[in-house]
Amino acid sequence: MTQSVNLTLEDNIAVIEIANPPVNALSHAVRSGLQDAFRGIAENDAIKAIVVYGAGRTFVAGADIREFGQPPKEPFLPELINEIESCTRPVIASVHGTVLGGGLELALGAHYRIAAPKTKLGLPEVSLGLLPGAGGTQRLPRLVPVTKAIDMITSGKPVSANEALELGLIDQISGEDDMRAAGLAYAKALVKQGAGPRPVSGLPCNTPEDGLFDKARATLAKKARGQLASQKCIDAIEGAVNLPFAEGLAQERALFRALMDSDQRAALIHAFFSERQVGKLPEIKDVEPRILENVGIIGGGTMGSGIATSALLAGLTVTLIERDAEAVAKAEGTVSKNLAGAVKRGKLSQEKFDAIMAGHFKAGSDYDALAEADLVIEAVFESMDVKKEVFGKLDKICKPGAVLASNTSYLDVDEIAEITSRPADVIGLHFFSPAHVMRLLEIVVGAKTAPDVVATGFALAKRLGKIGVRAGVCDGFIGNRILATYRKAIDGAVLAGASPFDVDRALVDFGLAMGPFAVSDLAGLDIGYMTRQRLAATRDPREVYAEFSDKLCEDGHHGRKTGRGFYDYSGEQPVPNDDILGYISEERAAKGIESRSLSDQEIIDRYMAAMVNEAALVVEEGIAQRPLDVDVTLLNGYGFPRWRGGPMQYADTVGVDKILNDIKRFAEEDDFLWQPAPLLEKLAAEGKTFASLNA
Ligand code: T1G
């Protein structure tokens, strides 16, 4: 027996403990240990039943994802589960925590299932670009309705123990959390009743409604556009209904193997591990974060109220400061509305809502209320003068050791820090709107920011359920700096001959939730306009500057908020605002550009080459610590399609040399915008990947 699987005997019941922290993943050692245990049991007729449970915080949370991409080692999980299921004595899975993927499949291979009250059970493989490849697509529809099996497997969402009991996925909910004891008690009761093995594979598959599978395929073709895994999930489940178990299982395996070899699986697993790696930085290793209970927020606009909502949902105490009673009341209303939305979505209980509003949330206009705050986040107007005035006040009022943070989205955090007497306590915390929804938090580290203040930024991100990414100080940090460049690239595509609507369509087909021009309409064209005006004085005269967005804005069309921008929002659905085509033709003429048609692929190539090239500069300048930091930023703050893993993963997938060749191709049209980053040239010359820099 390996140390990760321990077999003991209690009277005539065999008890198997899986102990492979932190999540009891089904590593090769665990699979071997389980096989040895069951083969030993098969030799011992005195054993009347078998209990399998997990040590630590959870039963098995899945196959060991770290083994993916390596040659699989026997025993393979499907065969092991079949062997367990064929055991001649009843097998009881006694589960708790997050019973996911291969963990749930292991439990389905058992004959009986008992769960602790707070257990979550699910098959999230689709979120890794896979499908349940150890019998899950075959056994689940034999226990629950096929529509529910499709929903669980294609959404990857877990169900609670109560719902699992209602569905028949489990047989009992234990009255305790000691799952060794609960499993033993259940096993003894079964033996007493004379209950024998009850293989799920022997059950008939539930009958699906007519046309269910094709309807599901059509829905997923829209909802998970371009993604392979969810379509293959449907194929596998359909096999469970139409084929004998063994054949359905064989088909599942073939579909699983096809997905395992896909770029989408590599990208999604890259995203999974990158989001766990991104907070691991030498500069904060073993550094204790400062206390984080009492948060002050300056500014109750969309961002300030969103940040307050996020902090309150995480159980922090919040004091929000606005300039006058009217603004305070407005902010209180926004926060209350945000929290009420969380209650409606089941993310917050009514009791907790009442407690927050009764005591954890205060709003006012007196800065002195921040004297005891552990952290103050400034979220006022994006003007350096205004921010300096706020930080000057905070410096006088806040207690020693309080962390002073700015939510600025591009301004110089060092310049802000310099006007305080405590630059080591100053940091940037760039939230993304809506702040109580978006997972990304750019943690902008100034030249003098203390390591424990950086650690506090990451501790805040974790507490808020966000993903913190360390960013250096530059205009736009990581995400907005890269965005500014790929926006220039698509403006260039429009000047060359594409329409903004061609660009949006091509990039939505590429996997974006919304096209960039539609996004700028949503954000407000005046926002981008102000940024471009701010940078006008320092703009290099060699830059080919696209003016059509400015003209649209100067004509009063600021996007959704004024009813017109690149699109016209006066009807049921937004429609292209063809007036913009006039601006663009005039501009091409004025610039002497002979327009030509651009393929969707060229639009995508321009967009991605610009994004990857600027990202390479961001990495080599140390603004982002590693390429994976850029991927995590673009995935969690900018809607980059997760099944492509992020721009750096995309570049590795298509080849760094392809990106470089594209840049050289576009440089013939504009050799100022298209200048290859030295890091990109180096990697291409050495035949290396961006991933090679992620160690
Ligand atoms: N394999 C290997 N390592 C894993 C792992 C896994 N399945 N799950 C988590 N870890 C590591 C993770 O990288 C981190 O490591 C540590 O455990 C804590 O994780 C055949 C093919 C279980 C809800 O998709 O959703 O089964 O950073 O920080 O926030 O059909 O981990 O500490 O070094 O996320 O408390 C299906 C994935 C696999 C579940 C816990 N299972 N894991 O969340 O901790 S595919 C999953 C999670 C499969 C079968 C198929 C979460 C969690 P480190 P954490 P957490």
Side-chain angles (χ1 to χ4, degrees), residues 4 18 20-31 34 54 56-70 72-82 84 95-109 118-140 149 152-160 229 232-233 236-237 249 252-262 264-266 268-281 285 439 458 461-468 628 632 642 694:
S4 49
I18 299 172
N20 181 29
V23 297
N24 285 329
L26 284 162
S27 62
H28 176 246
V30 171
R31 299 196 306 276
L34 284 171
R57 64 179 182 164
T58 180
F59 185 68
V60 174
D64 189 333
I65 309 177
R66 295 179 197 284
E67 292 180 358
F68 292 173
Q70 297 160 22
K73 279 194 224 160
E74 292 188 295
F76 303 136
L77 191 55
E79 285 72 23
L80 171 62
I81 292 174
N82 287 348
I84 290 169
V95 303
H96 71 295
T98 46
V99 184
L100 301 174
L104 179 52
E105 291 175 299
L106 175 61
L108 291 173
K118 294 201 181 74
T119 309
K120 292 258 182 265
L121 303 100
L123 294 171
E125 288 87 340
V126 70
S127 61
L128 298 173
L130 292 166
L131 56 74
T137 65
Q138 307 302 303
R139 290 188 173 93
L140 190 64
M152 283 182 69
I153 291 171
T154 57
S155 72
K157 286 202 185 72
V159 296
S160 66
K232 303 272 185 214
C233 288
I237 300 165
L249 199 65
E252 174 194 87
R253 196 81 196 138
L255 292 166
F256 176 82
R257 286 214 171 103
L259 289 171
M260 184 58 92
D261 294 342
S262 72
Q264 292 187 14
R265 187 274 307 160
L268 286 162
I269 286 181
H270 164 74
F272 176 86
F273 282 120
S274 297
E275 289 169 350
R276 286 153 180 82
Q277 194 66 22
V278 75
K280 293 180 181 150
L281 300 166
K285 189 168 172 15
R439 289 183 76 201
F458 279 92
K462 194 167 174 73
R463 183 75 184 269
L464 301 182
K466 293 183 182 294
I467 296 186
L628 71 85
V632 172
R642 189 176 179 83
N694 280 337

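We count ligands from 1, going down the list as the structure has it; atoms in each ligand are counted the same way. Keep in mind that this is a model prediction, so the values were computed, not measured.
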State, with a plain yes or no, whether a side-chain heavy atom of [X] is found less than 4.5 Å away from one of [Y].
X	Y	result
Ile237	Leu131	no
Leu34	Leu106	yes
Thr98	Arg57	no
Leu100	Val23	no

Polar atom proximity, [X] to ligand 1 (N or O, under 3.5 Å):
X	value
Gly102	yes
Leu128	no
Phe272	no

So if I count the atoms of ligand 1 from 1 in the order they appear, which ones are less than 4.0 Å from some heavy atom of [X]?
X	answer
Pro132	30 (O)
Gly101	26 (O), 36 (C)
Phe256	21 (C)
Phe273	13 (O)
Phe68	21 (C), 45 (S)
Gly62	26 (O), 41 (N)

I need the contact type for [X] against ligand 1. Using non-hydrogen atoms and a strict under-4.0 Å cut-off, is it side chain, backbone, both or neither?
X	value
Ala61	both
Lys120	neither
Ile65	both
Pro124	side chain
Phe76	neither

Inter-residue atom distance [X].[atom1] - [Y].[atom2], 0.5 Å rounding:
X	Y	atom1	atom2	answer
Leu259	Arg265	CG	CZ	10.0 Å
Met260	Glu125	CE	CD	10.0 Å
Leu130	Lys232	CG	NZ	12.5 Å
Gln264	His270	CD	NE2	14.5 Å
Phe256	Asp261	CZ	CG	10.0 Å
Ile153	Leu140	CD1	CG	5.0 Å

> Hey, mind stepping through Arg139 and Ile81 against side chain to side chain contact (heavy atoms under 4.5 Å, CB included) and telling me if it holds?
Replying inline: CA-CA 11 Å; Arg139 290 188 173 93; Ile81 292 174; 3.6 Å; yes
>> Under a 3.5 Å distance rule, please check whether Asn24 uses its side chain to pair with a backbone N or O of Thr58 as donor and acceptor.
In response: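 Yes.
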[atom] - nearest protein heavy atom and its distance:
atom	value
atom 18 (C) of ligand 1	Arg57 NH2, 3.6 Å
atom 20 (C) of ligand 1	Glu105 OE1, 3.6 Å
atom 10 (N) of ligand 1	Val23 CG2, 3.9 Å
atom 53 (P) of ligand 1	Lys280 NZ, 3.4 Å
atom 52 (C) of ligand 1	Thr98 OG1, 4.5 Å
atom 2 (C) of ligand 1	Asp64 OD1, 3.3 Å
atom 7 (N) of ligand 1	Ala63 O, 2.9 Å

> Are any of the protein's heavy atoms under 4.0 angstrom from atom 26 (O) of ligand 1, yes or no?
Replying inline: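 Within 4.0 Å of atom 26 (O) of ligand 1, protein heavy atoms are found.
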> Short check: is a protein heavy atom less than 4.0 Å from atom 43 (O) of ligand 1?
Replying inline: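 It does not: no protein heavy atom is found less than 4.0 Å away from atom 43 (O) of ligand 1.
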>> Applying side chain to side chain contact (heavy atoms under 4.5 Å, CB included) to Leu268 and Arg642, what does each step give before you reach the verdict?
In response: CA-CA 6 Å; Leu268 286 162; Arg642 189 176 179 83; 3.6 Å; yes
> Can you name the one residue among Leu121, Val159, Val126 that meets side chain to side chain contact (heavy atoms under 4.5 Å, CB included) with Met152?
Replying inline: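 Among the candidates, only Val159 passes.
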> Pro22: heavy atom below 4.0 Å from ligand 1, yes or no?
Replying inline: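 Per 4.0 Å heavy-atom rule, Pro22 contacts ligand 1.
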>> As a check for students: among Arg66, Arg276, Gln277, identify the option with a heavy atom nearest to atom 31 (O) of ligand 1.
In response: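 Among Arg66, Arg276, Gln277, the closest heavy atom to atom 31 (O) of ligand 1 belongs to Arg276.
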> Out of Glu79, Glu67, Glu74, which residue meets the side chain to side chain donor-acceptor pair (under 3.5 Å) rule with Arg31?
Replying inline: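 Filter result, single survivor: Glu67.
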